[in-house]
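See below for the structure under consideration.
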Amino acid sequence: GAGVEEDDRPPGAAEPAEEDPPGYIDEFRLQYAHFKSALEVFQLNPKGQDTKNFSRLVRFLAHVIPCYKKEPESRDFAPRLIQLLEKQYEVLSKDVRALATQALMQLSNRGIVSRFDVMPVFFKLFRCQDKTLRTAIFSHLVNDVSKLNRKSRDHKLNSKLQAFFLSMLKDSHPMAVKKSLDVIIEIWSRKLWNDGRVVNAVADMAFSKIPKVKAAALRFFLGVHDNREDNKKKALIPESVQMKNLYLQNSSITNVRRRKKRLRKMERAKKAIKRSHMEEEGSAFKSLAALDLLYDPQAFADRLFSQLRSSTDAFELRLLMMNVISRLIGAHRLLVLNFYPFIQKYLHSGQTSITKILAYLAQASHSLVPPEELAPLIRSLADNFVSDRSSPEVMAVGLNAIREVCARCPLALEADLLQDLTQYKKSKSKGVMMAARSLIAAFREVDPSKLSRKDRGKDASIRMDKNETHEYAGVDRKDAKDNEVLQELMREGDRGAKDAAAPAKQKRKSFGGVRFLTAKDFRKMKTMKEMQSRKRKRGDAKEVEAEEEEASDVENPTGIEIESGDEEADNDMGEGMDAKKSSEGGDKDEDTDNDEDDEDDFEFEDEKYIAEEGVEIDEDAIVGYRPRKKMNKEERRATIKAGRDNIQKKWAMRNPSGTTNREKLKNKPFMLSKYSKKTSKKKNMTSFEQQKAHTKHVKHLKKSSKKNLKSMRGKA
């Protein structure tokens, strides 16, 4: 096996040793002895010019060592490289450092060296001023954890790895801490480590003194890593188009060899397409858990706000802090009352990123915030934004911000101020008009009593007649109905508990005198419903009504009289309409001067606005309607060109096999087609040949028309 000198060794010299390890064991030992001597020389002068020989030896041994795992030289190679990198990584040349790191990655992947021996060196190499090396180490660490959890999850090993990775966040070097945090966040985004331990460790990094580390930790809680992946997935080709392309590429699969192998490959590709689109649909729930897994959200929000108040960081970083605090307050319904006066000083139209700040204010609003805390902010918005001296765009932003805040805390806005703001519904500016109408639609849902009578709408007037008004920290209307039913059940139970004459069998099936439904009752109800449905089909309405009366004892065994939902709704509608008519009749004299406005009373009755607490509010919701600006000639040309490029890209995505020959002929230059053989042949055709070609063409047309007619009849 030996006999080839080191300098004359070809690049593929490791292949014979991999094919026949016993025959090349002497060669392996000789090369390892050369490596040891070269390493000693190299350690004395790491910046020496003769690095080619040492690099060739490291590359050769990294490939060959997996074939000689039991040899002592194999166990000694990795520790020597680790020692070299730990002690002299700063003075090594860029190429040698990258080669030694790559050799350790290769040995770790093949199980020659433990990952816990190699990872401390990799995290130490994050300190190097070598971006390529840092990127390679980052990818290796993430892929190593991903490969470890691909088939099954070893919780003990994962816990040990987590402890090691999180300990690296306490490094003194800023770049090492930043890259360690990036590794942890990337592993989280791949849904490998989704527990509270990781989330709270990242939360501690939000108070780091390193601005880049702090920004990365804050973006983690805002779900920026998830949005990046979602944007990539949105650019995916539709599933139907991908399937069609797959079938087109394998259309000739019946005429090739190894048909079963090709079919299996095609099935794997189909599963991969479906899996990618399933992940795309479920990606919306990924960023939800980070805020929910905090151990103490209130303490975290208070600590972050105290840091924000005394912060001298860049304004973009302070905006990130505001965003995280507002998301925490909205998601967990926290009370950080000093946050609202802090934001109030930014509420003027000349403030940088004012639309973002207004969105953060709306995110931090919820029903448990005291109205007196938000009322000064609403007044500031009305004074600084919604005034006649402001531009229409500024007025629209102010109205939209008031709407978003008041939809979550309606008691913060007084009725007089609201009615003044709703007067802008007749503004000539479309953005202001739409913002005012959306404010009216929001208050129709949350608190219509503050609107003037002509702005309430039919549904809101009915709710007002039923005395369904909004109170601070009050119970929702649905919850109130449920509470009434529950109280009625409890009262019935108290009455039944006093009844001492109840039979023993009945007592076993009851609690507090209220009898529970048994399996026998459910069977009776099921048979009754089946009989009713059969008789409804036959049209026996009288028998159905009689059976419904008989079944009422089984369906309502508690003895509580509960009206059906439809009858209750009809009665409420009737009472509401009567009350509305009487109120309209009583208010006729008061509104005689407003006859011109009566036409607009219900002109946007169908518009509804429903606000959800704890969700992210987009900046576009604050900006609202934007009129399209007129483009000059150069901008129009640029948009036309971009549209053409997009069409070509879409066509290439939908047709991966390329264009057909007939489509290529359309773009063929005229002079080429004029002097082509096909054209010259047509020119020189005799009359007999022309007649023959015409007959053939007519015959083909008749044949194709018959086929089309037959297919149309089959469809009919």
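If you're wondering where the values come from, they're calculated on a predicted model, not measured in any experiment.
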For Tyr424, enumerate each residue passing the ring pair (Phe, Tyr, Trp, His ring centres under 6.0 Å) test, keeping only those at least two apart in sequence or located in another chain.
none
Under the 3.5 angstrom rule, does the side chain of Ser306 hit a backbone N or O of Arg303 as a donor-acceptor pair?
yes
Who pairs with Lys450 by salt bridge (charged side-chain N to carboxylate O under 4.0 Å, His left out), at least two apart in sequence or on another chain?
none
Charged N-O contact under 4.0 Å between Glu616 and Arg327
yes
Which residues pass the salt bridge (charged side-chain N to carboxylate O under 4.0 Å, His left out) test with Asp302, not counting sequence neighbours?
none
Mind checking what makes salt bridge (charged side-chain N to carboxylate O under 4.0 Å, His left out) contact with Asp195, not counting sequence neighbours?
none
Over all atoms of both residues, closest heavy-atom pair of Leu334 and Pro297:
CD1-O, 3.7 Å
Going by the rule side chain to side chain donor-acceptor pair (under 3.5 Å), which residues pair with Gln102 if we only count those two or more places apart in sequence or in a different chain?
none
Closest non-hydrogen atom pair between Ala401 and Leu381, with its separation:
CB-CD1, 4.2 Å
Any chance CZ of Arg153 has more than 12 other-residue heavy atoms, nucleotides or ligands included, within less than 6.0 Å?
yes
Tell me, please, which residues at least two apart from Asn143 pass side chain to side chain donor-acceptor pair (under 3.5 Å).
Arg190
Using a cut-off of 6.0 Å, state whether more than 12 heavy atoms not belonging to Lys212 lie near its atom NZ.
no
Side chains of residues 132-142: which donor-acceptor partners sit under 3.5 Å, not counting sequence neighbours?
{"residue": "Arg134", "atom": "NH1", "partner": "Cys128", "partner atom": "O", "Å": "2.7"}
{"residue": "Thr135", "atom": "OG1", "partner": "Lys131", "partner atom": "O", "Å": "2.8"}
{"residue": "Ser139", "atom": "OG", "partner": "Thr135", "partner atom": "O", "Å": "3.1"}

Non-neighbouring partners of Glu393 that pass side chain to side chain donor-acceptor pair (under 3.5 Å), sequence neighbours left out
none
Enumerate the residue pairs fulfilling ring pair (Phe, Tyr, Trp, His ring centres under 6.0 Å) with a member in residues 157-181, sequence neighbours excluded, ordered by first and then second residue.
Phe123-Phe164, Phe123-Phe165, Phe165-Trp193
Per-pair distances, 0.1 Å, donor-acceptor, side chain in residues 337-359, under 3.5 Å, sequence neighbours excluded:
{"residue": "Tyr340", "atom": "OH", "partner": "Ala364", "partner atom": "O", "Å": "2.6"}
{"residue": "Gln344", "atom": "NE2", "partner": "Ser380", "partner atom": "OG", "Å": "3.0"}
{"residue": "Thr355", "atom": "OG1", "partner": "Glu619", "partner atom": "OE2", "Å": "2.4"}

What residues form a side chain to side chain donor-acceptor pair (under 3.5 Å) with Asn200, not counting sequence neighbours?
none
Under the ring pair (Phe, Tyr, Trp, His ring centres under 6.0 Å) test, which residues partner Tyr295, sequence neighbours left out?
none
